[in-house]
Amino acid sequence: MLDVYNQTADHPISYAVGYDISCKNHYYLIMDLLEIADQKMYQDKRYKKEQMAKKPQEFCRNRLAESISTESLKEKLFTILNNSNGEKKYAFLMTDVSNFHLINDYWGYETGTNILNFILKKMELFPQTLFVNRYHSDIFVAVIDITGAEHTAVKKRIIESNKQTTKEVLAAYPVNYLSLNTGIYYLENMKIPGEEIISHSNIVRIKAKDKLCGVCEYTREIALAEQKRADTIHSFKEALGKKEFQIYFQPKISGRKQKIASAEILVRWQRANGDLWFPDSFLPILEETGEIEALDYYVYETAFQWLADRREKGLKLLPLSLNVSPVHFRKIHTFTEKVSHLIQKYEIPSQYLIFEITESTYIHNIEAVNHMIRFFHEKNIRISMDDFGSGYSSLNTLKDILFDEVKIDKKFLSDKLTENGKIVLQEIFHLLKRTNKFIVCEGVETKEMVDFLVAEGCDELQGYYYYKPMEMAKFEQLIG
Ligand code: C2E
Ligand code: CA
Ligand code: CA
């Protein structure tokens, strides 16, 4: 009516309208509904003003769907869960587009916006959807009603829906690649706080990128792994202060004399509750956070202290092999300085130290590792290449390596030694001998392995056939 009036009026009346709809399948809190309607009203107002001022072709641009704030999302989740009478089952979904910034960069912002709005519209049409919103950047959140459906069926429906959306985007827009990832969090516990729901689903959204189907559910295993991760990260500093970390010794036996020649130092975490944690379960997490740096120095200092104490008591000394985490190669000068300082502090003679650097660390940091090897060589300290042959090096790197010792990866000895396995080991030994490397084999578990390795000239052997890693006191008893 106003438009008709304005066509002939001397004083046209301006107006703007904003609305949104809350219905069973697309549910809003009343405050959010008002806010969105209000935003849309202003959007309409701006649009009309621009329309008055500019030529028609310049204002055909789409606006990106509004995003929901974390606070509003938490409130919404709270309301949905609080209003549930227990008969309904829900799932919270978090979806994103792989490498969305590349679409923006290559096809332009407008195409990017259109694609995001299209995906949102498709998500709104997903059956039994209670609520859908853009969360931030290219991430969408949704709550769906899954009452009576098996989890496998829910997952299958989401995979199919993502496939269909992808297909339609590829057909409607110029892009030639699109991939959607969805994390599913089943809302089984109605009391769970909103931020936990958001954080758990975010974890599986990221994990979904590694899945062929692009969808990942938050399972009990993931929950336990996350708990352990959080526990490790939050308790590490305190545990280090409380000396919960212990060094274990695993003897290395000389090939010819069959006597203990040295030992590898392996760390263990003696948790306050009595559990003993093995390095593979916590080192990767500490490597990610960088805190392994402090742990390595702690291990070195404890090992040096042990050597210094024995020397003071006039007891027999043995060379110790120490593992070097890859994080040190990011700041190699700090590492060499810190280790030199510890060596001086405890007055450790160089022949009692061997640093082990894994083949993978070497391949990813060749220059820094070589720098470190040169530094330690000046101090007459030996360096060993750990896990040799585990899959990272190629034969041409062998001609340049500065390592003194090569520790053949235990995978070569896993299972029974086959004829082919023996030939490969013989030829590796041959190559290493000719380039003057000291050969150590780890993971030696049977007499048959010992006989073969000794006959082939392996310099030192380490493995359960002889000894498992043991506590300091046991090792001291063993070597006297
Ligand atoms: P790694 O350096 O390859 O150490 C050898 C691992 O093989 C040890 O596991 C040892 O217990 C195990 N092992 C020894 N003999 C046998 C055998 O006969 N059969 C089998 N199947 N396994 C054997 P562990 O102690 O669990 O250590 C795992 C890894 O954690 C080590 O692998 C090393 O990479 C890392 N690590 C341990 N302590 C430290 C540390 O203080 N600092 C750093 N940066 N890494 C450490
Ligand atoms: Ca090692
Ligand atoms: Ca190893």
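All ligand and atom numbering here is 1-based and tracks the order in the structure. A quick note: this is a predicted structure, and the numbers were derived from the prediction, not measured.
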Pair Phe131 + Phe92: ring centers closer than 6.0 Å: no
The Ca ion (ligand 3) neighbourhood, protein N/O/S only, threshold under 3.0 Å: Asp386 OD1, Asp387 OD1, Glu442 OE1, Glu442 OE2
Centroid-centroid distance, His328 to Tyr297, less than 6.0 Å: yes
Lys74/Glu71 salt bridge by N-O under 4.0 Å criterion: yes
Output a table of donor-acceptor pairs, distance under 3.5 Å, between side-chain atoms of residues 423-434 and any protein atom two or more places apart or on a different chain; print 'none' if there are none.
{"residue": "Gln426", "atom": "NE2", "partner": "Glu456", "partner atom": "OE2", "Å": "3.0"}
{"residue": "Lys433", "atom": "NZ", "partner": "Gly457", "partner atom": "O", "Å": "3.1"}
{"residue": "Lys433", "atom": "NZ", "partner": "Asp459", "partner atom": "OD2", "Å": "3.3"}

Side-chain donor/acceptor of Arg382 to backbone N/O of Asp404, under 3.5 Å: no
Pocket residues of ligand 1, ordered first by chain and then by residue number (heavy-atom cut-off under 4.0 Å): Gln250, Glu264, Leu266, Val267, Arg268, Pro279, Asp280, Leu283, Ile292, Asp296, Val299, Asn323, Ser325, Asp386, Asp387, Lys410, Glu442, Gly443, Val444, Glu445, Gly463, Tyr464, Pro469
Aromatic ring pairing His333/His371, orientation class (parallel under 30°, perpendicular over 60°, tilted between): perpendicular
Partners passing side chain to side chain contact (heavy atoms under 4.5 Å, CB included) against Gln305 (at least two apart in sequence or in another chain): Asp309, Tyr346
Closest approach of Leu322 to Ala303 (non-hydrogen atoms, all atoms of both residues): CD2-CB, 3.9 Å
Whether Trp306 and Phe249 hold their rings parallel, tilted or perpendicular, with breakpoints at 30° and 60°: tilted
Angle subtended at the Ca ion (ligand 2) by Asn323 OD1 and Glu264 OE2, rounded to 10 degrees: 90°
Tyr362-Phe403 aromatic ring centre distance below 6.0 Å: yes
